[in-house]
Colleague: 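One structure, as structure tokens, below. Some questions next.
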Amino acid sequence: MGFRHRVFAAGFGVLAATGADRCLRFLARGRGVILMLHQVRPWRPREFAPNRVLEITPEFLDIVLTELRREGFDVIPLDAVPDRLRPGPAGRPFAVLTFDDGYRDNVEHAWPVLRRHNAPWTLFVTTDFVDGRGRLWWVELEEAVARLDRVMLPGNGELPNLPSRTTVEKQAAFEALYSHLRAGSEEQLRTVTAGLAAQAGVNTRQLAVDLCLGWDEVQTLAREPDVSIGAHSLSHPILAKCNARTAMREVTESRAVLERRLGRPVRHLAYPFGDPSAVGAREFRFARQAGYVTATTSRPAHVFPAHAAHLHALPRVSINGLFQNKTALRAILSGVPFWLWNRGRIPKIAR
């Protein structure tokens, strides 16, 4: 659990104990919230599961939807967000459900829950994953570390080799590698994870085939009235590390591919990773120039009227595997943790 997650985890308990999430929510929750999810699947007991942050159970998704209704949120499609930010009386807060990457379990396990609650949702699709040739490098890294007793990076002076026999060692190795790779170039990230996967006998191509939807499935889903398909780049790169031509191609061509394959307009984009190290003013401009109606980040905050002028830099709040409990959920929906984290201000959304 990273520093920010540890701060939030401690803060959720304090907010619940003091009642601050109830007292301050009318200041902090803005017009609403865009929720970011990834995988939804039944709980699997695993000692080493560093990517568990990216998954929740169907049971917890049901709790999320029940709590949204209980707290008075309107669950709306992403298409409706710009209208909700127009000047005028705020009305009831809104919530939008978005799912990133295009995982098959979103259809198998999340969609039945969403249908039961009559909840619209957006699936952000990485086209290379749907093609079955994308690189889920964070999954590759987990699989490699899980299989290897020692992680060796030839020619790397900073991380020459790391022990990974025990669960504790594997967790430490994964965290060190992940941080190191995220700090480096996109080319190094993909080369190193491919090399480790090869050492461990991980079939990198099969991971996307096994975990992600294919085109037939996405085309069927796109015809459903409660589902909208959005773009999530071609290859899921860290856009800020790409040159301008590559970044613009990732933003524009992913939309073109989806529209061609689905036969309908694609209005929304989610930036891969979406944190300040992965996306900034250049990418916001590219999304606007590409004609998207909205584009979403992973910068945690609720949505305020001021975001109407920044529809290509919208914040999202993660519903993830670290905080699958009602105390954390109620704090998240109040907006107070993010309002306090941002010191009562809307984040610097133009950066």
Side-chain angles (χ1 to χ4, degrees), residues 1-38 53-54 56 60-76 78 80-81 84-100 117 119 270 274-276 294 296-311 313-351:
M1 188 182 290
F3 171 74
R4 188 175 70 182
H5 286 133
R6 289 196 297 271
V7 170
F8 282 140
F12 294 153
V14 171
L15 291 174
T18 60
D21 56 337
R22 315 305 294 174
C23 296
L24 297 175
R25 61 179 175 162
F26 296 106
L27 287 173
R29 69 183 179 188
R31 289 288 176 92
V33 62
I34 302 173
L35 300 177
M36 175 179 67
L37 303 94
H38 289 81
V53 64
L54 297 176
I56 65 169
F60 188 66
L61 178 59
D62 185 76
I63 290 171
V64 170
L65 289 159
T66 301
E67 197 68 18
L68 283 170
R69 302 293 189 193
R70 195 184 74 84
E71 291 290 329
F73 283 82
D74 291 333
V75 179
I76 66 171
L78 191 51
V81 168
R84 286 293 191 119
L85 298 181
R86 296 188 192 283
R92 286 159 55 98
F94 68 79
V96 176
L97 296 159
T98 65
F99 296 76
D100 286 8
H117 286 268
D275 59 67
T294 74
T296 56
T297 71
S298 65
R299 302 181 184 192
H302 280 223
V303 183
F304 289 81
H307 285 105
H310 301 276
L311 292 176
L314 292 174
R316 287 191 295 173
V317 172
S318 176
I319 299 294
N320 62 57
L322 296 179
F323 306 122
Q324 293 190 77
N325 62 78
K326 285 187 178 182
T327 296
L329 178 60
R330 286 171 181 166
I332 286 168
L333 297 182
S334 76
V336 173
F338 317 112
W339 186 73
L340 293 174
W341 178 266
N342 294 311
R343 290 176 291 179
R345 300 193 302 267
I346 296 174
K348 299 289 185 180
I349 49 184
R351 291 184 181 176

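Only this structure's heavy atoms are used, side chains among them; waters, hydrogens and symmetry mates stay out.
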Colleague: Sub-3.5 Å donor-acceptor pair from the side chain of H307 to the main-chain atoms of F304, do we have one?
Modeller: yes

Colleague: For R92 and R84, which heavy atoms make the closest approach, and how far apart are they?
Modeller: O-NH1, 3.2 Å

Colleague: Is there side-chain contact between T297 and D275, with heavy atoms separated by less than 4.5 Å?
Modeller: no

Colleague: If you round to the nearest 0.5 Å, how far is CG of N325 from CZ of F60?
Modeller: 6.5 Å

Colleague: Are R316 and D100 close enough for a salt bridge, meaning some N to O gap below 4.0 Å?
Modeller: yes

Colleague: If we check side chain to side chain contact (heavy atoms under 4.5 Å, CB included) with L37, which of these qualifies: N320, L54, L61?
Modeller: L61

Colleague: When rounded to the nearest 0.5 angstrom, what is the spacing between NE2 in H302 and CZ in R31?
Modeller: 14.5 Å

Colleague: If you take all heavy atoms of L97 and A119, which pair is closest and at what distance?
Modeller: CD1-CB, 4.0 Å

Colleague: Mind checking the CZ-CD1 spacing from R70 to I63? Nearest 0.5 Å is all I need.
Modeller: 12.0 Å

Colleague: Would you give the length of the straight line joining atom NZ of K326 to atom CD1 of I332, rounded to the nearest 0.5 angstrom?
Modeller: 14.5 Å

Colleague: Got a sec, which residues hit side-chain contact (heavy atoms from CB on, under 4.5 Å) with L68, two or more places apart in sequence or on another chain?
Modeller: L35, V64, L65, F73, V75, A95, L333

Colleague: Looking at T296 and L314, would you say the former's side chain and the latter's main chain have a donor-acceptor pair under 3.5 Å?
Modeller: no

Colleague: Between P337 and A331, what is the shortest heavy-atom contact and its length?
Modeller: CD-O, 3.1 Å

Colleague: Hey, does the side chain of R69 reach the backbone of H117 with a donor-acceptor pair shorter than 3.5 angstrom?
Modeller: yes

Colleague: To check you understand the geometry: which heavy-atom pair defines the closest contact between P315 and R299, and what is its length?
Modeller: CB-O, 3.0 Å

Colleague: Just how far is it from atom OG1 of T294 to atom CD1 of I34, taken to the nearest 0.5 Å?
Modeller: 6.5 Å

Colleague: NE2 of H38 to OG1 of T98: how many Å apart, nearest 0.5 Å?
Modeller: 8.5 Å

Colleague: Please step through side-chain contact (heavy atoms from CB on, under 4.5 Å) for the pair F94 and V303, ending with a clear verdict.
Modeller: CA-CA 9 Å; F94 68 79; V303 183; 4.1 Å; yes

Colleague: Can you find a pair of side-chain heavy atoms, one from S318 and one from M36, that are under 4.5 Å apart?
Modeller: yes

Colleague: Before giving the answer on side-chain contact (heavy atoms from CB on, under 4.5 Å), spell out for V96 and V33 the whole-Å C-alpha distance, their side-chain angles and the decisive distance to 0.1 Å.
Modeller: CA-CA 6 Å; V96 176; V33 62; over 6 Å; no

